[in-house]
Amino acid sequence: QVQLVESGGGSVQAGGSLRLSCGGFGHMYSTHCLGWSRETPGKEREAVAVIDADGSIDYADSVKGRFTISKDNAKTTLDLQMNSLKPEDSGMYYCAALSIPLCTVGAASISNPYNYWGQGTQVTVSS
């Protein structure tokens, strides 16, 4: 059974760091594209980072060089290390197990009823 739960959100000043973690992937952990998306008021949910079962990774341009997605196989968790945070990074962050043919942030940003989502964790970056 897949039941995703995120942790690690919070409030931080611009330039700071946060680390998000997500567990509960079940059988999808090793076989599916996994990712992190964020949602901010007035904007559609956008994928910021994805990692495929073979380890290939894709990032949104807005977070490249600042965010790092990784899998902790010992804990079967998906992590997102966020450094050099900016106020525009603020939003609700969701982890996902994605049923998409190509593991890219573009494909992950398209609505798909076969994707699994967590409940989200809030990230607030103040200037």
Side-chain angles (χ1 to χ4, degrees):
Q1 184 177 358
V2 178
Q3 191 165 4
L4 304 182
V5 179
E6 302 96 340
S7 62
S11 298
V12 66
Q13 289 192 324
S17 298
L18 284 173
R19 188 177 184 87
L20 307 182
S21 189
C22 178
F25 289 96
H27 69 284
M28 299 183 80
Y29 180 80
S30 299
T31 59
H32 282 66
C33 175
L34 309 180
W36 288 96
S37 295
R38 67 185 177 197
E39 198 169 275
T40 55
K43 294 180 66 176
E44 293 186 357
R45 189 176 298 186
E46 61 166 345
V48 297
V50 294
I51 182 167
D52 208 350
D54 65 0
S56 58
I57 289 172
D58 191 29
Y59 294 103
D61 288 343
S62 58
V63 307
K64 277 180 183 174
R66 301 187 299 120
F67 289 14
T68 302
I69 190 171
S70 62
K71 295 170 73 173
D72 186 330
N73 293 328
K75 299 179 182 178
T76 61
T77 58
L78 178 73
D79 299 328
L80 185 69
Q81 178 66 41
M82 305 186 293
N83 298 330
S84 302
L85 283 162
K86 305 175 181 180
E88 52 264 42
D89 293 319
S90 297
M92 189 69 78
Y93 281 71
Y94 300 89
C95 66
L98 303 159
S99 295
I100 50 179
L102 194 62
C103 191
T104 64
V105 289
S109 297
I110 297 171
S111 179
N112 183 333
Y114 300 104
N115 293 341
Y116 287 85
W117 296 94
Q119 293 300 306
T121 185
Q122 181 68 38
V123 170
T124 303
V125 184
S126 57
S127 56

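In this structure, K86 and S62 have side chains that are not in contact, with every pair of non-hydrogen atoms separated by 4.5 Å or more. With a 4.5 Å cut-off on side-chain heavy atoms, V63 and R38 count as touching. By the 4.5 Å heavy-atom criterion applied to side chains, Y116 and M28 are counted as neighbours. Residues M82 and W36 have side chains not in contact (no heavy-atom distance under 4.5 Å, counting atoms from C-beta outward). At least one side-chain heavy atom of F25 sits under 4.5 Å from a side-chain heavy atom of L4. In this structure, the side chains of F67 and L85 come closer than 4.5 Å at one or more pairs of heavy atoms.
Expressed to the nearest 0.5 Å, how far CD1 of I51 lies from NZ of K71 amounts to 6.0 Å. Note: R66 CZ to Y59 OH = 12.0 Å, rounded to the nearest 0.5 Å. Taking CZ of R45 as the reference point, atom CE of M92 lies at 9.5 Å (rounded to 0.5 Å). Here CG of D72 is found 12.5 Å from SG of C22. Values are rounded to the nearest 0.5 Å. The line from SG of C103 to CD1 of I57 is 9.5 Å long, rounded to the nearest 0.5 Å. Once rounded to the nearest 0.5 Å, the distance linking OG1 of T31 with CG of D52 reads 10.0 Å.
In terms of modelled atom types and a separation under 3.5 Å, the side chain of S99 and the main chain of Y114 share a donor-acceptor contact. With hydrogens and angles disregarded, no donor-acceptor distance shorter than 3.5 Å links the side chain of D58 to the backbone of V50.
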Please evaluate residues E88 and V125 with respect to the criterion side-chain contact (heavy atoms from CB on, under 4.5 Å), reporting the C-alpha separation (whole Å), side-chain torsions for both, the decisive distance (0.1 Å), and the verdict.
CA-CA 8 Å; E88 52 264 42; V125 184; over 6 Å; no
One pair to check against side-chain contact (heavy atoms from CB on, under 4.5 Å): N112 and L98. What are the steps and the verdict?
CA-CA 8 Å; N112 183 333; L98 303 159; over 6 Å; no
CA sep, side-chain torsions, deciding dist, call: V123, S90, side-chain contact (heavy atoms from CB on, under 4.5 Å)
CA-CA 5 Å; V123 170; S90 297; 5.6 Å; no
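Other residues, nucleotides and ligands contribute more than 12 heavy atoms inside 6.0 Å of the CD atom of E39.
Of the N and O atoms on the side chains of D79 and Q81, not one donor lies less than 3.5 Å from an acceptor on the other residue.
Cluster annotation: L20 and W117 are assigned to distinct hydrophobic clusters (Ile/Leu/Val/Met/Phe/Trp/Tyr, side-chain heavy-atom contacts under 4.5 Å, transitive). By the criterion of side-chain heavy atoms lying less than 4.5 angstrom apart, applied directly or through intervening Ile, Leu, Val, Met, Phe, Trp or Tyr residues, L102 is not grouped with I69; the two fall into different hydrophobic clusters.
Nearest heavy atom pair, residue G91 against residue Q122, reads O-NE2, 3.3 Å. When all heavy atoms of A14 and P87 are compared, the pair lying nearest together is CB-CD, 4.1 Å. For the residue pair S21 and T77, the shortest heavy atom distance occurs at OG-CB, 3.7 Å. Of all non-hydrogen atoms in L80 and A49, the two that sit nearest each other are CD1-CB, 4.1 Å. Here the shortest heavy-atom pairing between Y94 and Q119 reads CE2-O, 3.4 Å. Residues S37 and A47 come closest through the heavy atom pair OG-CA, 3.3 Å.
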